Amino acid sequence: MSFTRQLSEMSASELNDAIDDTNFPQAHILSRGRNNSVCSTSSTSGTSSLAAANDDVANGSAATGQSTVQATATGTTAAGGDEVAPSGPVRPRLILKSNSSIVENDGTQPITPMTPRTSTTPGHENCTFHHDLELDHKPPTREALLPDMARSYRLLLGGLGENPDRQGLIKTPERAAKAMLYFTKGYDQNLEDVLNGAVFDEDHDEMVVVKDIEMFSMCEHHLVPFYGKVSIGYLPCNKILGLSKLARIVEIFSRRLQVQERLTKQIAVAVTQAVQPAGVAVVVEGVHMCMVMRGVQKINSKTVTSTMLGVFRDDPKTREEFLNLVNSK
Ligand SMILES: Nc1nc2c(ncn2[C@@H]2O[C@H](COP(=O)(O)OP(=O)(O)OP(=O)(O)O)[C@@H](O)[C@H]2O)c(=O)[nH]1
Ligand SMILES: [Zn+2]
(Lines give C-alpha, C1' and ligand atoms only; values in the text may rest on other atoms or scores of the structure.)
(Ligands and ions follow the chains in the order given, each with its own letter.)
Protein backbone atom coordinates (compact mmCIF):
# COMPACT_ATOMS: atom_id res chain seq x y z
CA MET A 1 0.00 0.00 0.00
CA SER A 2 1.28 3.41 -0.79
CA PHE A 3 -0.49 6.64 -0.08
CA THR A 4 0.66 9.39 -2.34
CA ARG A 5 -0.63 11.93 0.16
CA GLN A 6 -0.28 11.54 3.88
CA LEU A 7 -3.29 12.67 5.83
CA SER A 8 -0.98 14.49 8.19
CA GLU A 9 0.32 16.44 5.23
CA MET A 10 -3.11 17.72 4.30
CA SER A 11 -3.87 21.24 5.43
CA ALA A 12 -6.98 21.92 7.46
CA SER A 13 -8.72 23.30 4.38
CA GLU A 14 -7.74 20.28 2.32
CA LEU A 15 -9.22 18.05 5.00
CA ASN A 16 -12.41 20.02 4.86
CA ASP A 17 -12.41 19.78 1.09
CA ALA A 18 -12.06 16.06 1.39
CA ILE A 19 -14.99 15.87 3.72
CA ASP A 20 -17.07 18.15 1.56
CA ASP A 21 -16.33 16.04 -1.46
CA THR A 22 -17.88 13.05 0.20
CA ASN A 23 -20.92 14.81 1.49
CA PHE A 24 -22.27 17.24 -1.02
CA PRO A 25 -24.24 16.49 -4.13
CA GLN A 26 -22.07 18.61 -6.42
CA ALA A 27 -19.13 16.36 -5.85
CA HIS A 28 -20.44 13.24 -7.46
CA ILE A 29 -17.75 11.19 -8.91
CA LEU A 30 -18.47 7.89 -10.45
CA SER A 31 -16.03 5.41 -11.69
CA ARG A 32 -15.47 1.72 -11.63
CA GLY A 33 -14.31 0.51 -8.26
CA ARG A 34 -10.83 -0.75 -7.66
CA ASN A 35 -10.18 -4.11 -9.21
CA ASN A 36 -13.75 -4.15 -10.45
CA SER A 37 -14.89 -4.52 -6.88
CA VAL A 38 -18.60 -4.74 -6.21
CA CYS A 39 -18.12 -1.59 -4.13
CA SER A 40 -17.84 1.27 -6.51
CA THR A 41 -16.35 4.67 -6.10
CA SER A 42 -18.91 7.38 -5.81
CA SER A 43 -19.79 10.34 -3.71
CA THR A 44 -22.22 9.79 -0.92
CA SER A 45 -25.04 12.18 -1.41
CA GLY A 46 -28.38 10.73 -0.70
CA THR A 47 -30.00 12.78 -3.38
CA SER A 48 -28.03 11.88 -6.42
CA SER A 49 -28.74 9.21 -8.82
CA LEU A 50 -25.68 7.11 -9.09
CA ALA A 51 -27.45 5.19 -11.77
CA ALA A 52 -24.40 4.46 -13.72
CA ALA A 53 -26.41 2.77 -16.38
CA ASN A 54 -24.56 -0.34 -15.66
CA ASP A 55 -25.21 -2.94 -18.23
CA ASP A 56 -23.16 -5.41 -16.24
CA VAL A 57 -25.66 -5.36 -13.43
CA ALA A 58 -28.57 -5.46 -15.80
CA ASN A 59 -27.25 -8.45 -17.66
CA GLY A 60 -26.39 -10.28 -14.50
CA SER A 61 -22.62 -10.19 -14.67
CA ALA A 62 -22.47 -8.38 -11.34
CA ALA A 63 -22.09 -11.72 -9.66
CA THR A 64 -18.73 -12.02 -11.31
CA GLY A 65 -17.61 -8.80 -9.72
CA GLN A 66 -17.98 -6.62 -12.75
CA SER A 67 -20.62 -4.30 -11.41
CA THR A 68 -20.57 -0.63 -10.65
CA VAL A 69 -23.40 1.42 -9.20
CA GLN A 70 -26.95 1.26 -10.39
CA ALA A 71 -28.89 2.69 -7.49
CA THR A 72 -29.06 5.84 -5.47
CA ALA A 73 -26.63 6.06 -2.61
CA THR A 74 -29.36 5.82 -0.07
CA GLY A 75 -31.14 2.57 0.12
CA THR A 76 -28.43 0.44 -1.36
CA THR A 77 -27.67 -1.01 2.01
CA ALA A 78 -28.81 -1.38 5.52
CA ALA A 79 -26.05 -2.83 7.58
CA GLY A 80 -27.02 -5.68 9.78
CA GLY A 81 -30.38 -5.69 8.10
CA ASP A 82 -31.18 -5.97 4.47
CA GLU A 83 -28.44 -7.86 2.79
CA VAL A 84 -27.34 -6.60 -0.56
CA ALA A 85 -27.71 -9.40 -3.00
CA PRO A 86 -24.65 -9.97 -5.13
CA SER A 87 -26.58 -9.28 -8.29
CA GLY A 88 -28.56 -6.38 -6.82
CA PRO A 89 -27.66 -2.79 -6.18
CA VAL A 90 -24.18 -2.35 -4.85
CA ARG A 91 -22.94 -0.13 -2.11
CA PRO A 92 -21.14 2.99 -3.23
CA ARG A 93 -17.60 3.24 -2.05
CA LEU A 94 -16.59 6.32 -0.15
CA ILE A 95 -13.77 8.26 -1.70
CA LEU A 96 -11.68 11.28 -0.97
CA LYS A 97 -11.15 13.49 -3.94
CA SER A 98 -8.08 15.09 -2.43
CA ASN A 99 -6.26 11.80 -2.27
CA SER A 100 -5.18 10.88 -5.73
CA SER A 101 -4.16 7.43 -4.56
CA ILE A 102 -7.75 6.63 -3.76
CA VAL A 103 -9.70 8.22 -6.56
CA GLU A 104 -9.34 6.21 -9.71
CA ASN A 105 -9.36 9.02 -12.12
CA ASP A 106 -10.93 8.10 -15.39
CA GLY A 107 -10.06 11.48 -16.80
CA THR A 108 -13.34 13.10 -15.83
CA GLN A 109 -12.56 13.67 -12.19
CA PRO A 110 -11.05 16.89 -10.91
CA ILE A 111 -8.16 16.19 -8.60
CA THR A 112 -7.22 18.79 -6.04
CA PRO A 113 -3.73 19.98 -6.91
CA MET A 114 -1.10 18.99 -4.43
CA THR A 115 0.50 21.73 -2.43
CA PRO A 116 4.28 21.45 -2.34
CA ARG A 117 5.18 20.64 1.22
CA THR A 118 8.91 21.15 1.31
CA SER A 119 9.87 23.93 3.66
CA THR A 120 12.01 26.66 2.18
CA THR A 121 13.34 27.62 5.59
CA PRO A 122 17.09 26.84 5.62
CA GLY A 123 17.77 23.73 7.66
CA HIS A 124 14.16 22.59 7.54
CA GLU A 125 13.95 21.26 4.00
CA ASN A 126 13.32 17.71 5.15
CA CYS A 127 10.86 18.44 7.89
CA THR A 128 8.14 15.84 8.13
CA PHE A 129 5.76 17.22 10.70
CA HIS A 130 3.75 20.28 11.62
CA HIS A 131 2.90 20.55 7.94
CA ASP A 132 -0.77 20.16 8.51
CA LEU A 133 -0.73 23.28 10.62
CA GLU A 134 1.39 25.16 8.09
CA LEU A 135 3.77 26.28 10.82
CA ASP A 136 6.81 28.22 9.77
CA HIS A 137 9.00 26.59 12.33
CA LYS A 138 9.72 23.06 11.20
CA PRO A 139 12.63 21.59 13.12
CA PRO A 140 14.22 18.48 11.63
CA THR A 141 13.36 16.21 14.56
CA ARG A 142 11.01 16.45 17.47
CA GLU A 143 13.84 15.92 19.95
CA ALA A 144 15.54 19.00 18.55
CA LEU A 145 12.75 20.98 20.14
CA LEU A 146 13.66 19.92 23.67
CA PRO A 147 16.29 22.56 24.62
CA ASP A 148 14.10 25.46 23.47
CA MET A 149 11.08 24.00 25.17
CA ALA A 150 12.96 23.42 28.42
CA ARG A 151 14.21 27.00 28.36
CA SER A 152 10.62 28.16 27.90
CA TYR A 153 9.42 26.10 30.85
CA ARG A 154 12.24 27.52 32.98
CA LEU A 155 11.09 31.02 32.09
CA LEU A 156 7.56 30.01 32.93
CA LEU A 157 8.60 28.79 36.37
CA GLY A 158 10.34 32.10 36.97
CA GLY A 159 7.22 33.89 35.77
CA LEU A 160 5.20 32.05 38.39
CA GLY A 161 7.52 33.46 41.06
CA GLU A 162 9.17 30.10 41.58
CA ASN A 163 12.87 29.52 41.90
CA PRO A 164 13.73 27.18 38.99
CA ASP A 165 16.97 26.28 40.76
CA ARG A 166 15.43 24.90 43.90
CA GLN A 167 16.00 21.19 44.28
CA GLY A 168 12.53 19.98 43.32
CA LEU A 169 12.43 22.05 40.16
CA ILE A 170 15.93 21.64 38.75
CA LYS A 171 14.97 18.98 36.22
CA THR A 172 11.35 20.13 35.83
CA PRO A 173 11.85 22.14 32.62
CA GLU A 174 13.33 19.10 30.83
CA ARG A 175 10.67 16.79 32.25
CA ALA A 176 7.88 19.15 31.24
CA ALA A 177 9.35 19.53 27.76
CA LYS A 178 9.49 15.76 27.32
CA ALA A 179 5.95 15.42 28.60
CA MET A 180 4.70 18.03 26.15
CA LEU A 181 6.52 16.24 23.33
CA TYR A 182 4.74 13.05 24.34
CA PHE A 183 1.36 14.76 24.48
CA THR A 184 1.92 15.95 20.93
CA LYS A 185 3.70 12.92 19.49
CA GLY A 186 0.99 12.56 16.88
CA TYR A 187 2.76 15.24 14.85
CA ASP A 188 5.47 12.70 14.28
CA GLN A 189 3.19 9.96 13.00
CA ASN A 190 1.58 9.36 9.66
CA LEU A 191 -1.18 7.07 8.54
CA GLU A 192 0.84 4.83 6.28
CA ASP A 193 3.45 4.00 8.92
CA VAL A 194 0.82 3.44 11.58
CA LEU A 195 -1.23 1.09 9.40
CA ASN A 196 1.89 -0.94 8.68
CA GLY A 197 0.16 -2.67 5.79
CA ALA A 198 -2.60 -4.11 7.98
CA VAL A 199 -5.32 -3.64 5.37
CA PHE A 200 -6.75 -6.98 4.33
CA ASP A 201 -8.91 -8.08 1.44
CA GLU A 202 -11.96 -9.69 2.97
CA ASP A 203 -15.36 -10.42 1.53
CA HIS A 204 -17.15 -8.74 4.40
CA ASP A 205 -19.73 -6.02 4.09
CA GLU A 206 -21.22 -5.83 7.56
CA MET A 207 -20.56 -3.05 10.00
CA VAL A 208 -17.36 -3.07 12.03
CA VAL A 209 -17.42 -1.05 15.26
CA VAL A 210 -14.66 -0.49 17.78
CA LYS A 211 -15.99 1.56 20.62
CA ASP A 212 -14.81 3.27 23.79
CA ILE A 213 -11.25 3.81 22.59
CA GLU A 214 -9.57 5.97 25.25
CA MET A 215 -8.40 9.31 24.00
CA PHE A 216 -6.14 11.94 25.55
CA SER A 217 -5.61 15.19 23.73
CA MET A 218 -4.59 18.80 24.33
CA CYS A 219 -6.93 21.72 23.92
CA GLU A 220 -5.29 24.07 21.48
CA HIS A 221 -6.88 27.10 23.12
CA HIS A 222 -5.64 26.58 26.68
CA LEU A 223 -2.94 23.90 26.38
CA VAL A 224 -4.71 21.78 28.95
CA PRO A 225 -5.91 18.25 28.39
CA PHE A 226 -9.19 17.01 27.15
CA TYR A 227 -9.88 13.32 27.31
CA GLY A 228 -12.63 10.84 26.68
CA LYS A 229 -13.51 8.03 24.36
CA VAL A 230 -13.87 7.49 20.67
CA SER A 231 -16.13 5.05 18.86
CA ILE A 232 -15.50 4.23 15.22
CA GLY A 233 -17.66 2.29 12.82
CA TYR A 234 -17.22 1.55 9.16
CA LEU A 235 -18.94 -0.47 6.51
CA PRO A 236 -16.26 -2.29 4.55
CA CYS A 237 -16.12 -2.63 0.81
CA ASN A 238 -14.07 -5.79 0.61
CA LYS A 239 -11.25 -4.27 2.64
CA ILE A 240 -10.91 -4.44 6.38
CA LEU A 241 -8.47 -2.77 8.71
CA GLY A 242 -6.49 -4.41 11.50
CA LEU A 243 -8.61 -3.65 14.55
CA SER A 244 -5.83 -2.11 16.60
CA LYS A 245 -5.19 0.31 13.76
CA LEU A 246 -8.43 2.12 14.53
CA ALA A 247 -7.10 2.87 18.00
CA ARG A 248 -3.75 3.84 16.51
CA ILE A 249 -5.48 6.27 14.16
CA VAL A 250 -7.06 7.86 17.24
CA GLU A 251 -3.55 8.27 18.70
CA ILE A 252 -2.19 9.96 15.56
CA PHE A 253 -4.73 12.75 15.75
CA SER A 254 -5.44 13.02 19.47
CA ARG A 255 -1.77 13.43 20.36
CA ARG A 256 -1.69 16.93 18.96
CA LEU A 257 -3.03 20.35 19.84
CA GLN A 258 -6.66 19.90 18.91
CA VAL A 259 -10.26 20.92 18.98
CA GLN A 260 -12.62 18.01 19.36
CA GLU A 261 -14.48 18.73 16.15
CA ARG A 262 -11.34 18.53 14.01
CA LEU A 263 -10.14 15.42 15.81
CA THR A 264 -13.42 13.70 15.02
CA LYS A 265 -13.23 14.63 11.36
CA GLN A 266 -9.60 13.65 10.94
CA ILE A 267 -10.24 10.19 12.35
CA ALA A 268 -13.12 9.66 9.91
CA VAL A 269 -11.07 10.84 6.95
CA ALA A 270 -8.15 8.61 7.93
CA VAL A 271 -10.36 5.50 8.06
CA THR A 272 -11.76 6.45 4.68
CA GLN A 273 -8.28 6.84 3.32
CA ALA A 274 -7.20 3.50 4.71
CA VAL A 275 -9.97 1.21 3.43
CA GLN A 276 -12.25 3.25 1.17
CA PRO A 277 -15.36 1.87 2.86
CA ALA A 278 -19.01 2.53 2.04
CA GLY A 279 -19.20 4.74 5.10
CA VAL A 280 -17.49 5.80 8.28
CA ALA A 281 -18.96 6.96 11.58
CA VAL A 282 -16.99 8.50 14.42
CA VAL A 283 -18.37 9.66 17.76
CA VAL A 284 -16.13 11.37 20.30
CA GLU A 285 -17.14 12.08 23.86
CA GLY A 286 -14.76 14.46 25.61
CA VAL A 287 -14.24 16.10 28.97
CA HIS A 288 -12.39 19.38 28.58
CA MET A 289 -10.27 20.33 31.56
CA CYS A 290 -10.47 23.94 30.43
CA MET A 291 -14.16 23.75 31.31
CA VAL A 292 -13.58 21.77 34.49
CA MET A 293 -10.55 23.20 36.30
CA ARG A 294 -11.03 26.80 35.18
CA GLY A 295 -13.42 28.97 33.21
CA VAL A 296 -17.03 27.93 33.64
CA GLN A 297 -15.97 25.01 35.90
CA LYS A 298 -18.67 22.62 34.80
CA ILE A 299 -17.23 19.39 36.07
CA ASN A 300 -19.91 17.11 34.70
CA SER A 301 -20.23 18.48 31.22
CA LYS A 302 -19.29 16.29 28.29
CA THR A 303 -18.86 17.31 24.69
CA VAL A 304 -20.08 14.90 22.06
CA THR A 305 -19.06 15.33 18.43
CA SER A 306 -19.71 13.09 15.47
CA THR A 307 -18.75 12.73 11.84
CA MET A 308 -20.93 10.57 9.61
CA LEU A 309 -19.76 9.87 6.09
CA GLY A 310 -21.20 7.84 3.26
CA VAL A 311 -23.99 5.44 4.16
CA PHE A 312 -23.86 6.48 7.81
CA ARG A 313 -24.88 9.93 6.70
CA ASP A 314 -27.33 8.91 4.04
CA ASP A 315 -29.04 5.89 5.53
CA PRO A 316 -30.86 6.42 8.86
CA LYS A 317 -31.01 2.67 9.50
CA THR A 318 -27.28 2.27 9.20
CA ARG A 319 -26.66 5.28 11.41
CA GLU A 320 -29.14 4.02 13.97
CA GLU A 321 -27.54 0.61 14.09
CA PHE A 322 -24.16 2.21 14.74
CA LEU A 323 -25.51 4.49 17.46
CA ASN A 324 -27.31 1.59 19.13
CA LEU A 325 -24.10 -0.43 19.18
CA VAL A 326 -22.15 2.52 20.55
CA ASN A 327 -24.69 3.31 23.24
CA SER A 328 -25.25 -0.28 24.36
CA LYS A 329 -23.45 -1.25 27.55
N1 LIG B 1 -15.40 24.25 19.69
C2 LIG B 1 -14.46 23.94 20.59
N3 LIG B 1 -14.16 24.85 21.51
C4 LIG B 1 -13.23 24.51 22.43
C5 LIG B 1 -12.57 23.28 22.44
N6 LIG B 1 -11.71 23.27 23.49
C7 LIG B 1 -11.84 24.47 24.10
N8 LIG B 1 -12.75 25.22 23.46
C9 LIG B 1 -13.29 26.57 23.72
O10 LIG B 1 -12.46 27.59 23.24
C11 LIG B 1 -13.05 28.79 23.69
C12 LIG B 1 -12.02 29.87 23.86
O13 LIG B 1 -12.75 31.01 24.22
P14 LIG B 1 -12.11 32.37 24.73
O15 LIG B 1 -13.21 33.27 25.20
O16 LIG B 1 -11.17 32.90 23.70
O17 LIG B 1 -11.19 31.90 25.93
P18 LIG B 1 -11.53 31.92 27.48
O19 LIG B 1 -11.70 33.32 27.96
O20 LIG B 1 -10.47 31.12 28.16
O21 LIG B 1 -12.94 31.18 27.50
P22 LIG B 1 -13.64 30.41 28.70
O23 LIG B 1 -13.21 28.97 28.63
O24 LIG B 1 -15.11 30.57 28.43
O25 LIG B 1 -13.23 31.04 29.98
C26 LIG B 1 -13.79 28.41 24.97
O27 LIG B 1 -15.17 28.58 24.75
C28 LIG B 1 -13.47 26.93 25.15
O29 LIG B 1 -14.53 26.21 25.78
C30 LIG B 1 -12.92 22.34 21.43
O31 LIG B 1 -12.39 21.23 21.34
N32 LIG B 1 -13.86 22.73 20.53
ZN1 LIG C 1 -9.50 24.64 26.30
Side-chain angles (χ1 to χ4, degrees), residues 7-20 22-24 129-135 137 145 149 152-153 155-157 159-161 176-189 191 194 210-233 246-273 280-309 312-313 319 322-323 326-327:
L7 189 58
S8 55
E9 291 177 355
M10 291 166 76
S11 69
S13 63
E14 283 174 318
L15 269 176
N16 280 329
D17 285 348
I19 294 280
D20 291 349
T22 59
N23 284 330
F24 291 99
F129 61 95
H130 281 184
H131 290 174
D132 55 338
L133 295 181
E134 303 289 354
L135 300 184
H137 180 59
L145 289 167
M149 287 174 70
S152 303
Y153 276 117
L155 278 175
L156 187 66
L157 288 172
L160 293 173
K178 283 181 185 165
M180 183 56 91
L181 270 192
Y182 188 85
F183 298 151
T184 57
K185 67 187 170 75
Y187 288 125
D188 233 358
Q189 299 179 317
L191 185 60
V194 161
V210 177
K211 68 176 191 174
D212 297 340
I213 301 166
E214 297 93 352
M215 168 278 290
F216 297 94
S217 191
M218 296 291 282
C219 159
E220 71 180 18
H221 303 134
H222 298 98
L223 299 186
V224 295
F226 67 95
Y227 66 93
K229 56 189 186 179
V230 180
S231 296
I232 305 173
L246 292 168
R248 290 193 185 281
I249 286 173
V250 172
E251 285 287 298
I252 300 177
F253 297 104
S254 58
R255 298 295 190 173
R256 298 172 182 219
L257 304 185
Q258 274 289 12
V259 294
Q260 190 174 317
E261 294 90 332
R262 186 170 65 235
L263 170 63
T264 313
K265 215 186 276 185
Q266 286 175 325
I267 294 167
V269 172
V271 175
T272 304
Q273 208 167 20
V280 179
V282 178
V283 172
V284 179
E285 189 177 294
V287 174
H288 290 247
M289 294 312 285
C290 60
M291 287 177 66
V292 172
M293 289 179 67
R294 57 158 299 286
V296 289
Q297 301 192 46
K298 297 300 177 200
I299 61 171
N300 291 315
S301 69
K302 287 180 177 167
T303 304
V304 181
T305 47
S306 72
T307 296
M308 301 281 159
L309 302 178
F312 289 91
R313 192 177 185 99
R319 184 166 60 245
F322 169 74
L323 294 174
V326 165
N327 293 326

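The shown structure was predicted, so the numbers you read here are calculated from the model rather than taken from an experiment. Heavy atoms only: backbone and side chains are in, while hydrogens, waters and symmetry mates are out. Order of appearance sets the numbers: ligands from 1, and atoms from 1 within every ligand.
- Remark: Phe226 CZ to Met289 CE distance equals 13.0 Å, nearest 0.5 Å.
- Of the possible polar contacts, none joining the Arg255 side chain to the Thr184 backbone as a donor-acceptor pair under 3.5 Å is found.
- Looking at Gln260 and Thr305, their side chains do bring a donor and an acceptor atom within 3.5 Å of each other.
- Nearest-residue assignment for atom 23 (O) of ligand 1 (options Arg294, Gln297, Met291; heavy-atom criterion): Arg294.
- Considering only non-hydrogen protein atoms, atom 6 (N) of ligand 1 sits nearest to His288 ND1, 3.4 Å.
- In this structure, the side chain of Tyr187 does not engage the main chain of Leu181 through any donor-acceptor pair within 3.5 Å.
- Protein heavy atoms all stay at least 4.0 Å away from atom 27 (O) of ligand 1.
- Ligand 1 places these atoms under 4.0 Å from at least one heavy atom of Cys290: 7 (C).
- Protein N/O/S atoms nearer than 2.8 Å to the Zn ion (ligand 2) total 3.
- In this structure, Ile213 CD1 and Ser231 OG are separated by 7.0 Å, a value rounded to the nearest 0.5 Å.
- Under the 4.5 Å side-chain criterion, counting only non-hydrogen atoms from C-beta, Glu251 is in contact with Lys185.
- Taking a cut-off of under 4.0 Å to the non-hydrogen atoms of Cys219, the atoms of ligand 1 that pass are 6 (N), 7 (C).
- For atom 16 (O) of ligand 1, no protein heavy-atom neighbour is present inside the 4.0 Å cut-off.
- A donor-acceptor contact shorter than 3.5 Å links the side chain of Gln258 to the backbone of Phe253.
- Looking at Glu220 and Arg256, no side-chain N of the basic residue comes within less than 4.0 Å of a carboxylate O on the acidic one, giving no salt bridge.
- At a distance under 4.0 Å, no protein heavy atom can be found next to atom 13 (O) of ligand 1.
- Contact annotation for atom 8 (N) of ligand 1: protein present (non-hydrogen atoms, distance under 4.0 Å).
- Nearest-heavy-atom check against atom 18 (P) of ligand 1 across Glu220, Glu261, His222, His221 picks out His222.
- With sequence neighbours left out, Lys302 forms a salt bridge (charged side-chain N to carboxylate O under 4.0 Å, His left out) with Glu285.
- Between Met215 atom CE and Ser254 atom OG the span is 7.0 Å, to the nearest 0.5 Å.
- Looking at atom 24 (O) of ligand 1, its nearest protein heavy atom turns out to be Val296 CG1, 4.9 Å.
- In terms of protein heavy-atom proximity, atom 31 (O) of ligand 1 is closest to Gln260 N, 2.7 Å.
- Under the 4.5 Å side-chain criterion, counting only non-hydrogen atoms from C-beta, His288 is not in contact with His222.
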